[in-house]
**Student:** 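Would you mind keeping the following structure in view while I ask a few things?
Along the sequence shown, residues carry numbers from 1. Order of listing sets the numbers, starting from 1, for every ligand and every atom in it.
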Amino acid sequence: MSHNSHFSGKLTPELVLVAGRSHPELATAVAENLGINCLNTTIYDFANGELYVHYKESVRGCDVFVLQTHTDPMNKNIMEQLIMIDALKRASAKSINVICPFLGYSRQDKKHYGREPISARLIFDLFTAAGATRIMSIDLHSAQLQGFFNGPVDHLYGMPILTEYIRRRVDLENVVVVSPDAGRIRVAEQWAERFNNAPLAFIHKTRDISQPNVVKHGRVVGDVAGKECVITDDLIDTGGTIVGAVKALYENGAKSVIVAATHGILSDPARERLMNSGVTEVVVTDTLPISQEKRFEQLTILSVAPLLAQAARAVFESGSVTSLLNAHDVDVQNVIKSALKDLPGW
Ligand code: R5P
């Protein structure tokens with residue numbers, strides 16, 4: 001619902017939110033948090049698969065935020081966002097701020113072998129070519145991805161929202177934070193700080209890179225016997241990584257296992273795997289749309305809409321986005337309250 005409906009998509013005459021078709025629920029929630037509507041936009045497919053975009057109102061001189069999350073159909077959604085950016089550039093927007101709650105191809109950020117692409121770099125290059133002036137995303141697969149764009153990248157974290165929720169679900173005296181692989185121990189350390197400096201463990205995992213989504217699991221490093229384990233990862237795709245980790249933790253005597261990940265991709269067969277894994281709870285955010293068919297009893301979805309709205313507002317008002325990375329900052333506290341307020345019993 002717009003607080004200033006005579007401006008339609010504009011909070012002031014300059015802040016404009018436009019959204020592609022990938023995640024309308026999130027777009028509406030971000031707009032509501034900003035107190036505006038998304039700009040009236042026509043987007044459709046031609047019979048041959050090409051896409052068309054037309055903004056129904058002027059964006060001349062506006063700071064425009066282009067929200068599109070990269071979900072299946074991945075390539076179409078990315079192309080749609082690129083075309084939206086191109087249309088804004090040609091319509092004289094003052095700044096074009098790309099919001100990708102989940103950035104597609106972010107796992108392909110380096111070459112393991114000769115003759116492989118670095119697809120994540122290509123995505124950033126495409127944004128640059130289209131006319132993006134800023135990129136905003138949440139929990140990029142690796143922080144170094146920020147260097148793939150020669151301009152400001154606002155790398156936001158789901159951690160404050162996820163940890164605040166989970167803090168109230170565990171005994172802080174008996175919790176262990178678990179990294180599903182050695183590469184994410186630094187992130188797990190930051191999580192452990194949010195759980196009163198809880199101990200850490202990690203799973204020694206190896207991957208068969210000749211096959212997609214195939215992980216060979218190793219051993220648990222750290223003491224998890226009798227502990228309430230919290231596994232933290234950036235994303236759950238097919239669930240192979242996480243379910244392997246859950247199994248290893250139970251085999252090593254874990255009392256319970258909560259899984260937390262920012263991006264719930266939940267490709268088949270993630271739902272079945274997770275449901276049958278014995279996991280206590282799986283907590284993700286709504287950076288990606290999660291259809292009813294993908295949901296299951298132990299799944300909890302937390303909203304990043306207040307975080308994205310607050311970050312967009314900070315950019316627009318030349319405020320601090322860095323403060324949104326500090327879990328103790330008052331803006332973050334407000335984001336957390338807003339993200340959790342609709343949960344039952346909260
Ligand atoms: C790996 O480095 C990532 O952080 C995820 O753990 C992984 O990509 C998840 O994929 P899946 O759920 O298919 O195992």
Side-chain angles (χ1 to χ4, degrees), residues 69-72 74 100-113 116-120 123 137-146 148 155-159 162 177-191 200-221 229-249 257-279 281-285 287-291 293-296 298-299 301:
T69 202
H70 297 171
T71 186
D72 189 29
M74 174 71 68
C100 303
F102 173 70
L103 183 84
Y105 290 93
S106 61
R107 281 177 284 182
Q108 296 186 46
D109 59 355
K110 62 175 96 58
K111 287 172 70 167
H112 295 96
Y113 288 130
E116 283 186 337
I118 302 182
S119 307
I123 296 294
S137 188
I138 305 180
D139 288 325
L140 291 165
H141 184 61
S142 60
Q144 301 93 299
L145 284 169
Q146 294 169 84
F148 286 4
H155 185 198
L156 307 173
Y157 303 144
M159 181 181 72
L162 290 162
V177 177
V178 182
S179 170
D181 57 47
R184 293 189 67 80
I185 288 186
R186 179 71 198 110
V187 176
E189 257 174 15
Q190 290 162 349
W191 275 63
L200 291 172
F202 74 94
I203 312 288
H204 183 258
K205 162 183 115 166
T206 51
R207 187 177 280 284
D208 181 352
I209 58 172
S210 64
Q211 299 177 65
N213 298 103
V214 174
V215 168
K216 297 175 194 164
H217 279 280
R219 61 200 171 91
V220 177
V221 180
C229 298
V230 176
I231 308 178
T232 164
D233 207 348
D234 59 333
L235 59 91
I236 306 173
D237 191 354
T238 63
T241 303
I242 287 299
V243 166
V246 172
K247 185 165 173 272
L249 292 171
V257 182
I258 293 179
V259 170
T262 306
H263 310 295
I265 303 176
L266 304 181
S267 307
D268 253 356
R271 178 178 184 272
E272 281 63 36
R273 280 178 170 166
L274 290 163
M275 277 173 66
N276 301 321
S277 66
V279 71
E281 187 168 358
V282 178
V283 190
V284 297
T285 76
T287 55
L288 291 158
I290 301 177
S291 63
E293 300 74 58
K294 286 185 176 182
R295 298 185 186 206
F296 49 97
Q298 301 103 309
L299 182 70
I301 304 170

**Student:** If you measure every N or O of R107 against every N or O of ligand 1, does any of those distances drop under 3.5 Å?
**Tutor:** yes
**Student:** Short list, please: which atoms of ligand 1 are under 4.0 Å from a heavy atom of T241?
**Tutor:**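 Those qualifying, in numeric order: 6 (O), 7 (C), 9 (C), 10 (O), 11 (P), 14 (O).
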**Student:** Give a yes or no answer on whether the side chain of R273 reaches the backbone of T238 with a donor-acceptor pair at less than 3.5 Å.
**Tutor:** yes
**Student:** Is it the side chain, the backbone, both or neither of D233 that has a heavy atom closer than 4.0 Å to ligand 1?
**Tutor:**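 It is the side chain that touches ligand 1; the backbone stays farther off.
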**Student:** Just by modelled atom types, is the F202 backbone N or O under 3.5 Å from a matching donor or acceptor in the S179 side chain?
**Tutor:** no
**Student:** Can you tell me if K247 has over 12 outside heavy atoms packed within less than 6.0 Å of its NZ?
**Tutor:** no
**Student:** Check whether any heavy atom of I242 sits under 4.0 Å from an atom of ligand 1.
**Tutor:**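 Heavy atoms of I242 never come under 4.0 Å of ligand 1.
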**Student:** Just going by heavy-atom distances, which of D181, T232, D237, I236 is nearest to atom 10 (O) of ligand 1?
**Tutor:**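 Checking each option, the heavy atom nearest atom 10 (O) of ligand 1 is found in D237.
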**Student:** Any idea which part of D234 is under 4.0 Å from ligand 1, heavy-atom wise: side chain, backbone, both or neither?
**Tutor:** side chain
**Student:** Applying ring pair (Phe, Tyr, Trp, His ring centres under 6.0 Å), name anything that partners H263, two or more places apart in sequence or on another chain.
**Tutor:**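 Scan of H263 (ring pair (Phe, Tyr, Trp, His ring centres under 6.0 Å), adjacent residues dropped) gives F102.
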**Student:** Does any N or O in the side chain of D139 come within less than 3.5 Å of the main-chain N or O of D234, such that one atom is a donor and the other an acceptor?
**Tutor:**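 Between the backbone of D234 and the side chain of D139 there is no qualifying donor-acceptor contact (under 3.5 Å).
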**Student:** Quick check on contacts: which atoms of ligand 1 are under 4.0 angstrom from a heavy atom of G239?
**Tutor:**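 Those of ligand 1 that fall under 4.0 Å from G239 are 11 (P), 12 (O), 13 (O).
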**Student:** Quick one: does any side-chain atom of R271 pair with a main-chain N or O of E293 as donor and acceptor, under 3.5 Å?
**Tutor:**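 Checked: pair present.
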